[in-house]
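Just so we're on the same page: letters track the sequence lines, and every chain starts at 1. Basis for what follows: all heavy atoms, side chains included, without hydrogens, waters or symmetry-related copies. Computed from a predicted structure; not experimentally measured.
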Number of protein chains: 2
Amino acid sequence: MIKLEALRVFVTVAESGNIKDAADAVGRTASAVSMTLKQLEEEIGGPLFQTDRKNSLTALGNLMLDLGREQIRSFDKSVSIMRAFAHSRIGSLSIASVPSVATNVLPPILQRFLETRPQVQVELFDIDTAQVRRMVESGVADIGIAGESRTGGGVEFTPLFSDRFKLLCKDDHDLCRLDRPVEWSDLKAATLIRNGASDRIEAEDYKQISARSLITVYNVTSLVAMVKTGLGLTILPSLTMYGAYEGVAALDLGDTTASRQVGLVERRDVPPSPVAAAFRAFALKEIPVLVSEQLGG
Amino acid sequence: MIKLEALRVFVTVAESGNIKDAADAVGRTASAVSMTLKQLEEEIGGPLFQTDRKNSLTALGNLMLDLGREQIRSFDKSVSIMRAFAHSRIGSLSIASVPSVATNVLPPILQRFLETRPQVQVELFDIDTAQVRRMVESGVADIGIAGESRTGGGVEFTPLFSDRFKLLCKDDHDLCRLDRPVEWSDLKAATLIRNGASDRIEAEDYKQISARSLITVYNVTSLVAMVKTGLGLTILPSLTMYGAYEGVAALDLGDTTASRQVGLVERRDVPPSPVAAAFRAFALKEIPVLVSEQLGG
DNA sequence: CACCAACTTCAATTCTTCTGAAATTGATAA
DNA sequence: TTATCAATTTCAGAAGAATTGAAGTTGGTG
């Protein structure tokens with residue numbers, strides 16, 4: 001069977017014009033090169049050179065030089081694509097993330113991740129936790145970042161960081177003058193605007209307050225706008241409000257259990273692509289650090 | 001270094017879905033296949049299958065399956081082109097021939113030659129001996145068929161057959177009633193029309209007759225038309241008149257030395273392409289047989 | 001015509017790949 | 001969960017292929 005390696009040797013000889021130089025170029029002795037050439041000629045079924053001085057090709061030799069070069073080029077390119085993919089330097093990465101992370105965490109993370117992978121194509125969806133889960137489960141997204149939800153179905157949850165809830169109110173609200181964390185009891189008389197995230201808080205006291213609420217808003221921008229107008233207060237994870245909004249204040253809560261776990265959502269039993277695996281490792285290492293700088297600092 | 005053979009094994013395994021069947025398909029043991037796969041994964045830098053049951057590929061595996069298939073297909077095709085060319089089943093053949101051979105000999109020869117080589121592209125030029133030589137010398141034609149000329153320059157002559165000259169005259173001419181070959185002396189009073197071929201006859205007697213001639217015609221059709229009109233007689237190689245023309249007669253000459261050598265004209269020092277070499281061998285074997293059937297019979 | 005450099009040949013060696021047996025693994029059924 | 005079974009992997013030795021260095025040819029050159 002003809003080997004690509006034999007074609008490589010032949011092309012080198014054809015380009016050098018003699019066996020000695022070609023032998024040096026491929027790191028073999030002249031004798032090895034000579035034998036390879038002889039074998040190649042036998043397998044192809046005709047002479048490749050006009051004489052045994054290898055400086056001029058036969059018509060067959062010319063054809064083999066053209067075809068051989070092309071095969072070598074194409075093979076090497078394929079291999080380099082395979083390697084680049086295996087080492088996550090090329091490929092595509094589809095991320096589904098809750099908006100707070102997509103907005104406040106992912107930009108610098110992705111920038112650094114892509115610095116060494118300029119050929120990687122990224123898609124980023126910002127959607128809520130339930131939909132993140134769905135996108136990952138269906139394979140539309142390679143990896144998700146979302147709040148914790150009962151692990152099960154086809155997905156798996158790996159915690160990244162936890163994010164305490166805060167109270168959001170107008171910055172001239174009475175509660176701003178409190179010199180201590182806000183307790184649920186402080187909110188007895190307040191008008192609460194519910195939102196997608198705060199519904200996850202388990203505390204009974206909060207649930208009672210929440211039950212009285214008449215408004216639920218899922219979009220953060222709208223929510224903040226309503227708070228700013230004085231329509232009410234709301235409870236949101238710290239990260240969601242990171243960067244602060246004009247005219248509103250974010251106050252600590254006394255209930256230290258009021259927090260959400262944010263983590264990676266991945267498909268179970270389906271191994272990630274090299275890029276996804278690399279991003280997973282990168283995210284696991286870098287996101288907690290970044291978040292603790294942003295929130296803890 | 002990654003080998004094409006390893007890709008072949010991988011593709012077979014990916015297509016079989018298990019190592020055992022793939023091993024049978026490639027004629028190795030399962031253990032050899034397993035080791036090849038392991039080595040391939042190491043060299044590429046990532047896993048190709050989701051588990052060690054080889055029934056589902058990773059993203060990397062899918063990429064390698066696509067690229068690998070394409071490489072294998074393309075390599076095998078290249079090799080088969082090289083082999084086909086080496087065995088003269090493909091390629092191009094440019095033949096330059098004097099018209100008599102091109103008309104009377106080459107059609108059946110080429111037909112039989114191409115019967116087993118339907119992919120070979122042939123070009124046929126019919127031109128005179130001097131130009132045949134020139135076309136072969138310049139490399140425009142791979143092989144020539146022409147009368148003998150001093151060997152030298154870049155070309156070599158190999159005889160194929162010899163072709164006696166005949167006298168061509170109107171079929172009601174007095175000479176037709178001769179019951180013996182025509183002698184040069186019979187032509188003393190005749191009007192001779194010269195042509196390119198007859199000028200090569202060396203006999204002194206002929207040269208004297210020829211010297212008196214006032215007309216020279218190089219085109220055979222025109223020449224025959226003139227003879228038929230009764231403008232004069234001419235001397236032509238037998239083959240040129242093969243098949244006979246209406247209204248004219250071809251008479252044997254007494255001078256048995258009046259003949260031309262027809263043979264192959266090839267470039268010296270430049271090896272023929274496989275197709276040209278095959279045609280050369282075929283022509284050398286078949287043309288003399290065919291011509292002796294046509295003329296000698 | 002002799003010389004020289006390039007190439008080829010040959011037998012021994014080295015490197016690679018393959019095999020068969022044994023161990024391990026993972027899925028399936030008890 | 002454990003037992004079972006087939007597939008896969010591992011391992012060491014065997015077989016095979018490629019490589020080497022030395023000796024032998026060949027073809028071109030002064």
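Using a 4.0 Å cut-off between charged nitrogen and carboxylate oxygen, A:Arg200 and A:Glu148 do not count as a salt-bridge pair.
Rounded to an integer number of Å, the gap from B:Glu43 CD to C:dT16 P is 11 Å. Across the protein-nucleic acid pair, A:Asp52 atom CG and C:dA5 atom C1' stand 12 Å apart, rounded to whole Å. For the pair A:Met1 CE and D:dA17 P, the interatomic distance rounds to 13 Å; values are reported in whole Å. Between the NZ atom of A:Lys54 and the C1' atom of D:dG27 there is a distance of 13 Å, given to the nearest Å. If you take CZ of A:Phe49 and C1' of D:dG27, they are 17 Å apart, rounded to a whole angstrom. The separation between A:Lys20 atom NZ and D:dG27 atom C1' is 18 Å, rounded to whole Å. Taking atom CD of A:Glu41 as the reference point, atom P of C:dT9 lies 10 Å away to the nearest angstrom. The CD atom of B:Glu42 sits 12 Å away from the P atom of D:dT9 (whole-angstrom rounding).
Each of A:Ala32 and B:Leu37 was matched to the nucleotide of DNA chain D holding its nearest heavy atom; the match closer to the 5' end belongs to B:Leu37.
Proximity note for A:Thr36 (side chain, C-beta onward) versus D:dT19, C:dC7, D:dT9: the nearest is D:dT19. Counting only heavy atoms from C-beta on, B:Met35 has its side chain closest to D:dC11 among C:dC7, D:dC11, D:dT8.
Proximity of a side-chain donor or acceptor of B:Glu41 to a complementary backbone N or O of B:Leu48 within less than 3.5 Å is detected.
One can find a donor-acceptor pair under 3.5 Å joining the base of C:dG20 and the side-chain atoms of B:Ser31.
The distance from atom CG of A:Leu4 to atom CG of B:Leu7, rounded to the nearest 0.5 Å, is 10.0 Å.
Of the side-chain N and O atoms in A:Arg53, none sit less than 4.0 angstrom from OP1 or OP2 of C:dA6. Proximity of B:Lys3 to the phosphate of D:dA17: no side-chain N or O atom is located under 4.0 Å from OP1 or OP2. Listed pair A:Gln39 / D:dA18 meets the phosphate criterion, a side-chain N or O lying under 4.0 Å from OP1 or OP2. Contact annotation: A:Lys38 side-chain N/O to C:dC7 OP1/OP2 distance is not under 4.0 Å.
In this structure, B:Glu5 reaches neither bases nor backbone, as no heavy-atom distance under 4.0 Å exists between it and the strands shown.
At a cut-off of 3.5 Å, with distance as the only test, a side-chain donor of B:Arg260 or B:Ser100 sits close to an acceptor on the other residue.
No more than 12 heavy atoms of other residues, nucleotides or ligands sit less than 6.0 Å from atom NZ of A:Lys38.
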